[in-house]
K.L.:
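The structure under discussion is supplied below as structure tokens; questions concerning it will follow.
All figures in this text were calculated on a predicted structure; none of them were measured in a lab.
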Amino acid sequence: MARQREPEYYLIDGYNVINAWPELIRLRGNLDEARDVLVHILTEYGVFENYEMTVVFDAFFTEDEEHELQISDRMRVIYTGAGETADSCIERLAYTAVRAGREVHVVTSDGAEQSVILGAGAYRITSPELRRSVKKAKKQMKAEYMNPHIQPLARSELHERIDRDTLARLEELRRRK
């Protein structure tokens, strides 16, 4: 029996994308909202394309420890700990995944980071390239949904698919504005 291939793995430099997408640049005054919107967009995109995704946000100048939120079985968000950049976290995750035989795509427009990632055996995607791919997928989703011969699936709310601890943490983050 043929072994089913693992989904492609995307590592995304969250703040790099926020600072590159016009719809997110407008939200930079409220980084909580910008992060939430980005994670929502990428979760939807990842489900549609069947990708596994990790979004990494820099917390370099904080005293906090690294922590992560598991949004769904294929989407997680990592906030780096004190003294670690998003770049170094992404490099670490990319090396590990490539060594495990995964197809890894790193989303960043940082030229130095792109060189390191290519050397690790991962593919690089710039933030504007990802935006174009997301927009194209959105059009496909809309076309498929609007097809009168296809019955839409029942709405599936995020709170129905995640555990209570994660739901409580997300609610806490949402209210922290």
K.L.:
What ring-ring contact (aromatic ring centres under 6.0 Å, His included) pairs are there with at least one residue in residues 119-139, not counting sequence neighbours?
P.N.:
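Listed by first then second residue: His105-Tyr123.
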K.L.:
Check Ser109 against Ser127 and note the closest heavy-atom contact, atom names and distance.
P.N.:
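Taking every non-hydrogen atom into account, OG-N, 3.1 Å.
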K.L.:
Suppose the criterion is salt bridge (charged side-chain N to carboxylate O under 4.0 Å, His left out): which pairs have a residue in residues 92-101, not counting sequence neighbours?
P.N.:
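Passing the test, one end in residues 92-101: Glu66-Arg92, Glu84-Arg92.
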K.L.:
If you round to the nearest 0.5 Å, how far is CD1 of Ile162 from CE of Met75?
P.N.:
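Here the rounded value is 12.5 Å.
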K.L.:
If you apply the rule side-chain contact (heavy atoms from CB on, under 4.5 Å), what do you find for Gln140 with Lys135, and how did you get there?
P.N.:
CA-CA 9 Å; Gln140 281 182 271; Lys135 287 199 166 294; over 6 Å; no
K.L.:
Can you name the ring-ring contact (aromatic ring centres under 6.0 Å, His included) partners of Tyr9, sequence neighbours left out?
P.N.:
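Checked Tyr9 against ring-ring contact (aromatic ring centres under 6.0 Å, His included); zero matches.
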K.L.:
Kindly indicate whether the side chain of Ile18, heavy atoms from C-beta on, has any atom under 4.5 Å from the side chain of Arg28.
P.N.:
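Yes. Closest side-chain heavy atoms under 4.5 Å.
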K.L.:
Would you kindly say whether Glu129 and Thr126 are connected by a side-chain donor-acceptor distance under 3.5 Å?
P.N.:
yes
K.L.:
Identify the heavy atoms of Leu38 and Gly14 that sit nearest to each other, and give their distance.
P.N.:
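Smallest interatomic distance, heavy atoms only, reads CD2-O, 3.6 Å.
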K.L.:
State, with a plain yes or no, whether a side-chain heavy atom of Arg131 is found less than 4.5 Å away from one of Glu23.
P.N.:
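In short, these two side chains touch, coming nearer than 4.5 Å.
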K.L.:
I'd like to check the salt bridge (charged side-chain N to carboxylate O under 4.0 Å, His left out) partners of Glu49; sequence neighbours left out, ordered by chain and number.
P.N.:
none
K.L.:
Can you check whether Val77 reaches Glu68 side chain to side chain, under 4.5 Å on heavy atoms?
P.N.:
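Val77 vs Glu68: side chains apart.
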K.L.:
Once you round to the nearest 0.5 Å, how far does CD of Glu8 lie from CE of Met53?
P.N.:
10.0 Å
K.L.:
With side chains defined as the heavy atoms from C-beta onward, is the minimum distance between Leu93 and Thr54 less than 4.5 Å?
P.N.:
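Answer yes - side chains close enough.
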K.L.:
With respect to Val37, which candidate in Asp32, Leu24, Asn30 satisfies the side-chain contact (heavy atoms from CB on, under 4.5 Å) definition?
P.N.:
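Considering Asp32, Leu24, Asn30, a side-chain contact (heavy atoms from CB on, under 4.5 Å) with Val37 is found only for Leu24.
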K.L.:
Hydrophobic clusters here meaning ILVMFWY residues chained together by side-chain heavy-atom distances under 4.5 Å, can you tell me if Phe57 and Leu173 are in one?
P.N.:
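Yes, because Phe57 and Leu173 connect within a single hydrophobic cluster, where side-chain heavy atoms sit under 4.5 Å apart.
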K.L.:
Hey, does Tyr10 have a side-chain heavy atom less than 4.5 Å from the side chain of Ile125?
P.N.:
yes
K.L.:
Can you list everything that forms a salt bridge (charged side-chain N to carboxylate O under 4.0 Å, His left out) with Lys138? Sequence neighbours excluded, please.
P.N.:
Glu44
K.L.:
Could you check Val56, Asp87, Thr85, Asp58 and say which one makes a side-chain contact (heavy atoms from CB on, under 4.5 Å) with Asp13?
P.N.:
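Filter result, single survivor: Asp87.
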K.L.:
So among Leu42, Val39, Val55, which one has a side-chain contact (heavy atoms from CB on, under 4.5 Å) with Ile71?
P.N.:
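That would be Val39; it is the only one of Leu42, Val39, Val55 passing the side-chain contact (heavy atoms from CB on, under 4.5 Å) with Ile71.
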K.L.:
In this structure, would Leu11 and Val47 fall into the same cluster of hydrophobic residues linked by side-chain contacts under 4.5 Å?
P.N.:
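No, separate clusters.
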K.L.:
Any chance you could measure Ile90, atom CD1, to Thr80, atom OG1, to the nearest 0.5 Å?
P.N.:
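Spacing of CD1 (Ile90) from OG1 (Thr80) equals 9.5 Å.
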K.L.:
Angle class for the Tyr51/Tyr45 ring planes (parallel below 30°, perpendicular above 60°, tilted otherwise)?
P.N.:
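Because their plane-to-plane angle is over 60°, the rings of Tyr51 and Tyr45 count as perpendicular.
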K.L.:
List the atom of Asp163, the atom of Thr166, and the distance in Å for their closest heavy-atom pair.
P.N.:
OD1-N, 2.9 Å
K.L.:
Are Leu69 and Leu167 connected in the hydrophobic side-chain network, where two residues link if heavy atoms are under 4.5 Å apart?
P.N.:
yes
K.L.:
To the nearest 0.5 angstrom, please state how far the CG atom of Asp165 sits from the CG atom of Leu170.
P.N.:
11.0 Å
K.L.:
Are Lys136 and Arg132 packed together at the side-chain level, in the sense that at least one heavy-atom pair is separated by less than 4.5 angstrom?
P.N.:
no
K.L.:
Of all residues at least two apart in sequence or in a different chain, which pass the salt bridge (charged side-chain N to carboxylate O under 4.0 Å, His left out) check with Glu52?
P.N.:
Arg102
